[in-house]
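For reference, the structure is listed below as structure tokens.
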Amino acid sequence: MAPASKDSLTVVDNRNGKTYEIPIAVTAHDASVPASAFKDIIHVKEDPRTGNKEKVGLRVVDRGFLNTAVIQSYITFIDGDRGILRYRGYPIEQLAEQSNFLETSYLLIWGELPSKSQYDRFHDEVMNHSTTHVDIEHVFKSFRYDAHPMSILTSVFAALGSYYPEANPSLQGQNLFTKKDLASVQNMDKQIYRLIGKAPTLAAMAYRVRQGRHFITPPPGLSYTGAFLYQMDCLGQAEYKPNPVLERALDILFILHADHEMNASTTTVLQAGSSLTDPYSAIATGCASLYGPLHGGANEAVIRMLISIGSPDNVPAFLEQVKRREKLLSGFGHRVYKTTDPRSRIIRRTADEVFKVTGKDPLIETAMRLHDMALKDEYFVKRNLYPNVDFCGLIYKAMGFPLDFFPVLFAVPRVVGWIAHWRQMMLSPDGVKIWRPRQIYIGPEERAYEPIGQRQEREQRAPTDGPTAVFHSGQSKRSKLATFVGKSKL
Ligand code: CMC
């Protein structure tokens, strides 16, 4: 056998002594092997009933994508061991200090910091695309008064797509965004301006509809985050201007939240985008994924956790519950960072500035006690659990946003990261490949259907063994006692 090349693995199948050479691809920061190479390693499976044999390739198992790279990307670099985060090569600390959210958005999407004229044009395009079709207002008004704003935002992004048939590959042809000619790229850029421009408008509308306020558009001349605050808060006062400290703090938080490479929601957007769905539907899936308490919903969960703990004196007992796995310490831990999340340092500095204007929230004492105790506790130290970006919930609370609005404040800037990745995927030199993972089937073998009358009653041993009987909250005592045709047996 020819000697294996240096950048390769030699894999020996100990069942039959066969060897396989699997290439290792080396880039500046990573080395990887193609999972599909393992398909060449054959397993012979036998049907237990017929004895028939069939050859199948080895599958690579990676529950929760712990070690699977699904894209090659130019956008964001994270070194989780050293606590480094860079957008297109620029350290997050420099961007948070010197850039603004729209400039950072330009950088993330198009790869370079804009010149003054490029920035001005982009700024105008985004701000000019911030209004919505008047009919969208009906969508907001169709929600219950207490609907979670993430439910609203998710639905409205999906609905928005129906206003732009020219942006829908199902209607215009599947290569709508993958052609790379001028018209196709212009069409893509227009959707990018629209999505970034409308994100804060839709978020502000989700806020106002629950307050019973009219929707408004801001006057020209405000920054992206200034216009967002105006759209949320202005009640018709003349020359209303958001507080500049809060406006800048929100802008910094938007920069920190703009992208974070293959997090759950970006992966979801790319998963949806890989079937060539329209960008509005893809962004809606990102919102749905971000909403969960293990991801963008964690900033809301942090405050609910702090409220439930209450006094700093209760922190030790709470941490004992966490260690007994009865509770989760929201705002701690990260799949990639095994040291302090670099964003959390910037958040602490930003919090200091905000608290000077808003005053300190009483929960800050509880949060600090939790922070200090967890960082010294062996349970958290051993597992490399450090504060993550979601402690920014304390800033949002100090700024007076409702708790359930916190994930929205994460989603609005993350629209930019989702779009940057979606665009990169659409313009990939290798074309778009649909994301279709495999599974390891461990269910029943083939069995014959039995008509319902011939089936045995089966005892349900565990609640998860089948559907459970549920409480019907819609039934009042009176309707339970009433008689009517077709009365439910439950
Ligand atoms: N509290 C208590 N224990 C934890 C926590 C936590 N917050 N996070 C991880 N652990 C433990 C976990 O139980 C496990 O212990 P063991 O090895 O003994 O079973 C160990 O640490 C490793 O954790 P994991 O669950 O395997 O890690 P993961 O990479 O699958 O999950 C995470 C990462 C972020 C989902 C998790 O740390 C977590 O649930 N954190 C709390 C929720 C949160 O703050 N999410 C926001 C993440 S950052 C921003 C974002 O993505 O939106």
Side-chain angles (χ1 to χ4, degrees), residues 27 34 36 65 68-77 87-89 102 104-114 118 121-122 125-126 129 154 157-199 202 258-290 411-437:
T27 59
S36 55
F65 295 144
T68 293
V70 286
I71 55 163
Q72 284 197 320
S73 178
Y74 294 97
I75 301 173
T76 290
F77 172 75
Y87 294 163
R88 301 278 190 176
L102 276 191
T104 299
S105 303
Y106 186 110
L107 171 71
L108 280 166
I109 296 167
W110 287 282
E112 297 295 337
L113 285 168
Q118 286 170 328
R121 200 167 57 235
F122 175 57
E125 285 287 9
V126 168
H129 280 93
T154 305
F157 268 120
L160 197 63
S162 68
Y163 289 76
Y164 307 114
E166 78 276 15
N168 191 336
S170 298
L171 302 173
Q172 307 299 339
Q174 62 185 43
N175 60 357
L176 182 64
F177 293 117
T178 54
K179 272 189 286 198
K180 305 184 187 93
D181 60 27
L182 179 63
S184 161
V185 174
Q186 279 175 329
N187 189 12
M188 173 183 273
D189 286 345
K190 193 168 190 179
Q191 311 321 315
I192 293 173
Y193 305 143
R194 276 181 178 149
L195 279 159
I196 302 175
K198 292 183 201 321
L202 300 177
D259 192 46
H260 213 230
E261 52 117 301
M262 284 302 96
N263 53 87
S265 59
T266 305
T267 311
T268 309
V269 168
L270 292 182
Q271 173 87 50
S274 80
S275 73
L276 299 177
T277 191
D278 70 276
Y280 299 89
S281 301
I283 295 296
T285 69
C287 287
S289 172
L290 185 105
V412 169
R414 187 53 61 88
V415 164
V416 165
W418 294 335
I419 292 176
H421 280 92
W422 172 78
R423 179 181 183 274
Q424 177 175 258
M425 177 191 244
M426 291 302 122
L427 299 180
S428 161
D430 303 329
V432 179
K433 188 117 187 113
I434 192 162
W435 287 20
R436 197 332 184 161

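All values derive from a computational prediction rather than experimental measurement.
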How are the rings of Phe122 and Tyr106 set to each other: parallel, tilted or perpendicular (split at 30° and 60°)?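 Plane angle over 60°, so perpendicular.
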For the atom pair [atom1] ([X]) and [atom2] ([Y]), what is the distance rounded to the nearest 0.5 Å?
X	Y	atom1	atom2	result
Asp259	His421	CG	NE2	4.5 Å
Thr268	Leu290	OG1	CG	9.5 Å
Phe177	Leu276	CZ	CG	10.0 Å
Thr178	Met425	OG1	CE	12.0 Å
Ser162	Asp278	OG	CG	9.0 Å
Thr266	Glu261	OG1	CD	9.0 Å

Could you tell me if Ser265 and Asn263 have a donor-acceptor pair between their side chains, going purely by distance under 3.5 Å?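 Present: a donor and an acceptor within the cut-off.
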Hey, are Arg194 and Gln191 close enough side-chain-wise for a donor-acceptor pair under 3.5 Å?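 Yes, side-chain donor-acceptor contact under 3.5 Å.
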Audit row: Met262, Leu270, side-chain contact (heavy atoms from CB on, under 4.5 Å) steps and yes/no: CA-CA 9 Å; Met262 284 302 96; Leu270 292 182; 3.7 Å; yes
Check [X] against [Y] and note the closest heavy-atom contact, atom names and distance.
X	Y	result
Ala282	Ala272	CA-CB, 4.2 Å
Pro279	Leu195	CB-CD1, 4.1 Å
Trp418	Ala411	CZ3-O, 4.2 Å
Ala258	Leu108	CB-CD1, 3.6 Å
Ser73	Gln424	OG-NE2, 3.1 Å
Val416	Ser105	CG2-OG, 3.4 Å

Checking [X] side chain against [Y] main chain: does a donor-acceptor pair fall under 3.5 Å?
X	Y	result
Asn187	Glu166	yes
Gln172	Pro165	yes
Ser289	Gly286	no

For [X], is the [atom1] atom crowded, meaning more than 12 foreign heavy atoms sit under 6.0 Å from it?
X	atom1	answer
Gln118	CD	yes
Phe65	CZ	no
Lys179	NZ	yes

Do Arg423 and Trp110 come within less than 4.5 Å of each other through their side chains, counting heavy atoms only?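 Side chain of Arg423 against side chain of Trp110, heavy atoms only: contact under 4.5 Å found.
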With the side chain counted from C-beta on, respond yes when Leu160 and Ile283 share a heavy-atom pair under 4.5 Å apart, and no when they do not.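 Side-chain contact under 4.5 Å: no.
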Output, in order, the C-alpha distance, side-chain angles, deciding distance and verdict of side-chain contact (heavy atoms from CB on, under 4.5 Å) for Leu176 and Met188. CA-CA 9 Å; Leu176 182 64; Met188 173 183 273; over 6 Å; no
Partner of Arg88 by side chain to side chain contact (heavy atoms under 4.5 Å, CB included), out of Leu113, Ile75, Thr104: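 Exactly one candidate clears the test, Ile75.
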Test side-chain contact (heavy atoms from CB on, under 4.5 Å) applied to Ile196 and His129, step by step: CA-CA 8 Å; Ile196 302 175; His129 280 93; over 6 Å; no
